[in-house]
There are 2 protein chains.
Amino acid sequence: MLAVEAMLREKNLKVTPQRLALVCELRDKGHLSIEELYYSLKSKFPSISLATIYKNLNAMIDNCFVEEVKLPNVKSRYEISKDLHSHVICQECGKICDIDIDLSSVLKCDTISNSGFEVQKSALVISGTCCDCQAKKQK
Amino acid sequence: MLAVEAMLREKNLKVTPQRLALVCELRDKGHLSIEELYYSLKSKFPSISLATIYKNLNAMIDNCFVEEVKLPNVKSRYEISKDLHSHVICQECGKICDIDIDLSSVLKCDTISNSGFEVQKSALVISGTCCDCQAKKQK
DNA sequence: CTGACTGCAAACGTTTTGCACGGTA
DNA sequence: TACCGTGCAAAACGTTTGCAGTCAG
């Protein structure tokens, strides 16, 4: 919590209760959609508006504190920036998981290095069917 | 051209001049945005409407003939479905390239196989600075 | 000839903006 | 106290829908 406040101040973002709750929500639950954030915060702050969610997310994205995760077929999710990781999404139930995959060898392949392209970021999204949903489908 | 017509008929999509031009545009230029498609087709069909672009793209996406490519910071692009490949995007000039990267070993990693997740698709987007833009920045 | 496609306009959902008020630092 | 953040309402934006007319098969 203190760490979160310090991070916000470091980015010249004031520490308001709404903003603090938003960050904690993202930190605890990870990759949330706008709606999930909105309804979740609405329980703590009944008068909170969608505009506040948007403004805060955008401010934090501008400060590289939060990242948008674009996924196939569904709306974007938002998460606190952390070490490079990939996402796995089940097309049946929509469940999203983080996964640590070492892409360094892939990103150093000849095609890229020969082209002179300087890699800064990479995003890998794997979609398919999770274990539970496979079981359900077999029934 | 004949191949394109055959593909459309196979999917029960009628071959109209607008649709044919849209597909050829995608085939020749690859990963185009809605606006790029619109203005490009407007030169051939001055009365074409955005609704037609949207309806056609959606029909073709439903038939797995076209795919949406979601990219960081910019609007989605659309391309004709083809073999699995990744995308490289320059954050300076916005240039997008296809790249063939073998992700099979990555997708077979222990974390995924142990979880019982069945992988159906994967999308890797690499962003950074292209060779040309690196040169420009050094000036 | 029939059903599908086009193009226009309206509707819709999402995101952004402007502004007055309130809270942080 | 000065400025930033909040919340409301309105505006802007992108996309979808409904419909009448047209075209492909």
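On a predicted model such as this, the values are computed, not experimentally measured, just so you know. Lettering follows sequence order; numbering is per chain, from 1.
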Nucleotide D:dG5, atom P - distance to CG of A:Leu8 in whole Å: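 It is 10 Å, rounded to the nearest whole Å.
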Nearest to the side chain of A:Thr16, which nucleotide is it out of C:dT24, C:dC5, C:dT14?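 Of the options given, the side chain of A:Thr16 lies nearest C:dT24.
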Please report the distance, rounded to the nearest Å, between CD1 in B:Ile53 and C1' in C:dC8.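 Taking atom C1' of C:dC8 as the reference, CD1 of B:Ile53 is at 15 Å.
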Please check if A:Tyr39 and A:Leu20 belong to a single hydrophobic cluster, counting links between Ile, Leu, Val, Met, Phe, Trp and Tyr side chain heavy atoms closer than 4.5 Å.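 Hydrophobic grouping puts A:Tyr39 with A:Leu20.
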Decide if atom NZ of A:Lys11 counts as having more than 12 heavy atoms of other residues, nucleotides or ligands within a radius under 6.0 Å.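 It does: A:Lys11 NZ has more than 12 such atoms within range.
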Categorize B:Lys55 for me: base, sugar-phosphate, or nothing, with a 4.0 angstrom heavy-atom threshold over every strand shown.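 Base, at least one base atom sits under 4.0 Å.
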Are any of B:Asn58's side-chain N or O atoms less than 4.0 Å away from OP1 or OP2 of D:dT15?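 The answer is no; no side-chain N or O of B:Asn58 sits under 4.0 Å from OP1 or OP2.
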Less than 4.5 Å apart, any side-chain heavy atom of B:Arg77 and any of B:His87?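 Heavy-atom side-chain distance check fails, nothing below 4.5 Å.
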In this structure, how many angstroms lie between the C1' atom of C:dG13 and the OH atom of A:Tyr38, rounded?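 Going from OH in A:Tyr38 over to C1' in C:dG13 covers 14 Å.
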Let me check something: do A:Ile112 and A:Ile101 share a hydrophobic cluster, defined by ILVMFWY side-chain heavy atoms less than 4.5 Å apart, either directly or through other members?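 Both belong to a single hydrophobic cluster.
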In whole angstroms, how far is the P atom of C:dC5 from the CG atom of B:Leu50?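 Nearest whole value for this atom pair: 18 Å.
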Need one value for A:Thr52: base, sugar-phosphate or nothing, where a base atom within 4.0 Å counts as base even if backbone is also close, heavy atoms only.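 Since a base atom lies under 4.0 Å of A:Thr52, the category is base.
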Which listed nucleotide (C:dC8, D:dG14, D:dG7) is nearest to the side chain of A:Gln18?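 It is D:dG7.
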Could you give the NZ-to-P distance, from A:Lys14 to D:dC3, as a whole number of Å?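 From A:Lys14 NZ to D:dC3 P: 10 Å.
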Any side-chain N or O of B:Ser47 below 4.0 angstrom from OP1/OP2 of C:dC8?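 For B:Ser47, the contact criterion (side-chain N or O under 4.0 Å from OP1 or OP2 of C:dC8) is not met.
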Could you tell me the separation between the NZ atom of A:Lys44 and the P atom of D:dG7, rounded to a whole number of Å?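 It is 14 Å, rounded to the nearest whole Å.
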How many whole angstroms separate atom CG of A:Leu13 from atom P of D:dT6?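 Rounded to the whole Å, the gap is 10 Å.
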B:Asp132/B:Lys95 ion pair, N-O < 4.0 Å: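 No, B:Asp132 and B:Lys95 are not salt-bridged.
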Below the 4.0 Å mark, does D:dT6 have OP1 or OP2 next to a side-chain nitrogen or oxygen of A:Asn56?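 Yes, such a contact exists.
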Please report, rounded to the nearest Å, how far the P atom of D:dC13 is from the OH atom of B:Tyr54.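 Value for this atom pair: 13 Å.
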Among C:dC5, C:dT16, D:dC4, the one nearest B:Arg19 by side-chain distance: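 The closest nucleotide is C:dC5.
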Given that B:Arg9 and B:Ala51 both sit by DNA chain D, which one's nearest nucleotide is further toward the 5' end?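 Taking each residue's closest nucleotide, the earlier one in sequence belongs to B:Ala51.
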